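This structure is a prediction, so every number in the text was calculated from the model and none was measured. Computation of the quantities below employed the complete heavy-atom set of this structure, encompassing side-chain atoms and omitting hydrogens, waters and symmetry-equivalent molecules.
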2 protein chains.
Amino acid sequence: MKYIEKLRNSGLRPTKQRLQICEILFETKKTFHFTINDLAIKIKDQTKNKISLATIYNTVHAFEKKGYLKQIPINSSQTYFDTNTTEHHHFYDLKEEKLIDLENCDVGPINIKKKIDGKKIKSVEVLVKLGD
Amino acid sequence: MKYIEKLRNSGLRPTKQRLQICEILFETKKTFHFTINDLAIKIKDQTKNKISLATIYNTVHAFEKKGYLKQIPINSSQTYFDTNTTEHHHFYDLKEEKLIDLENCDVGPINIKKKIDGKKIKSVEVLVKLGD
DNA sequence: GTTGTAGTTTATAATGATTCTAAAAAGGTG
DNA sequence: CACCTTTTTAGAATCATTATAAACTACAAC
Ligand SMILES: [Mn+2]
Ligand SMILES: [Mn+2]
Ligand SMILES: [Zn+2]
Ligand SMILES: [Zn+2]
């Protein structure tokens, strides 16, 4: 019910599909990282009615544009998204291909001293690759 | 000539194709960022004989594995590589889709306080996204 | 409630970067 | 040269993602 308002306030119609995806993405204490494929599997498991793959892509991109999801820059064949949209950083376990959150306090403040004329800093993201 | 030794010492046969790609990638004062497509265009422009796309992919991956190139984690449809293999960071201009080097001194030391059992830090990379 | 309209979903096709295949060519060693 | 291994190559295959366009739906106006 709360998602109906959230979606309306964002200019997105609260469709059955979007509400179901909201439940899966945001109805949880812990935030998490996922690919479109991960999400499609979750939807199939946790939902009676099928949602087409195109709709999953559409919805994730709509939510990302509204700022409810973040894309994580990483070299992988699939795009990773994060339900934690606060500024924070990541470990990337190269063997497991898993992301792990780093709180901002785990990294300390990052001070970018260089400036580019006419450009503003939109985000600062740290990726720490892990091997064994 | 110097690349013949470099390749042999790496266990790679110094073929005509690899030597030509070495010239384009490493025979320059400044390091630079490129995609496979960028490189293919450069090869076509600066070289008489054609090199097949498969060979360009093979060669770039071989050089990356040997540590002569680095992949830059970024969300783009194409993979970006860097001829600067020292640890350094990047601005990413979202509009121009261009990478700009940040020297280590432009960012300051990054202190990762969190540890994961049995895992070693392989790299620490900062990506600063720029808008206007 | 009916109607009209823009927004949304969907199956399916298209795209495009990357990887695979397997046959031909080239490097290197004796 | 003869032999064996590595490399190159054209073309096919893969697969995540995006585009298409027709059917469906939310919802506001009447
Ligand atoms: Mn995307
Ligand atoms: Mn690659
Ligand atoms: Zn995260
Ligand atoms: Zn660089």
For [X], all residues meeting salt bridge (charged side-chain N to carboxylate O under 4.0 Å, His left out), sequence neighbours excluded:
| X | value |
| --- | --- |
| A:E96 | none |
| B:K129 | A:E125 |
| A:R8 | A:E5 |

**Prompt:** Relative to the 5' end of DNA chain C, which residue comes earlier, B:Y80 or A:S52, by the nucleotide with the nearest heavy atom?
**Reply:** A:S52
**Item:** Test side-chain hydrogen bond (donor to acceptor under 3.5 Å, both in side chains) applied to A:H33 and A:H90, A:K98, A:K70, the passing residue
**Value:** A:H90
Just by distance, with hydrogens left out, do [X] and [Y] show a side-chain donor and acceptor under 3.5 Å apart?
| X | Y | answer |
| --- | --- | --- |
| A:T35 | A:N37 | no |
| B:Q20 | B:N49 | yes |
| B:D106 | B:H89 | no |

Protein-nucleotide distance ([X], atom [atom1]; [N], atom [atom2]), rounded to Å:
| X | N | atom1 | atom2 | result |
| --- | --- | --- | --- | --- |
| A:Q20 | C:dT10 | CD | P | 9 Å |
| B:E5 | C:dG27 | CD | P | 16 Å |
| A:I4 | C:dT8 | CD1 | C1' | 16 Å |
| B:N49 | D:dT7 | CG | C1' | 15 Å |
| A:D38 | D:dA16 | CG | P | 11 Å |
| B:Q71 | C:dA17 | CD | P | 16 Å |
| A:I41 | D:dA16 | CD1 | P | 11 Å |
| B:I56 | C:dC20 | CD1 | P | 18 Å |

**Request:** With heavy atoms under 4.0 Å as the rule, sort B:N37 into base, sugar-phosphate or nothing.
**Result:** nothing
**Message:** Need one value for B:S77: base, sugar-phosphate or nothing, where a base atom within 4.0 Å counts as base even if backbone is also close, heavy atoms only.
**Reply:** sugar-phosphate
Hey, does the side chain of [X] come within less than 4.0 Å of [N]'s phosphate (OP1/OP2), counting only N and O?
| X | N | result |
| --- | --- | --- |
| A:T55 | C:dT8 | no |
| B:Q17 | D:dT9 | yes |
| A:H61 | D:dT18 | yes |
| B:K50 | D:dT8 | no |
| A:Y57 | D:dT18 | no |

**Message:** Nearest to the side chain of A:A54, heavy atoms from C-beta on, is which of C:dT10, D:dT8, C:dT9?
**Reply:** C:dT10
**Item:** B/S/- contact track for nucleotides 24-30 of chain D, protein heavy atom under 4.0 Å
**Value:** -BBS---
**Prompt:** Which residues satisfy the side-chain contact (heavy atoms from CB on, under 4.5 Å) test with A:K65, sequence neighbours excluded?
**Reply:** none
**Request:** Return the angle between end axes of the helix from C:dG1-D:dC30 to C:dG30-D:dC1, with five pairs used per end and rounding to 10°.
**Result:** 30°
**Asked** Aromatic rings A:F26 and A:Y3: how do their planes relate, parallel, tilted or perpendicular, breaks at 30° and 60°?
**Response** tilted
**Prompt:** Should B:F81 and B:L39 count as side-chain neighbours, where that means a heavy-atom distance under 4.5 Å?
**Reply:** no
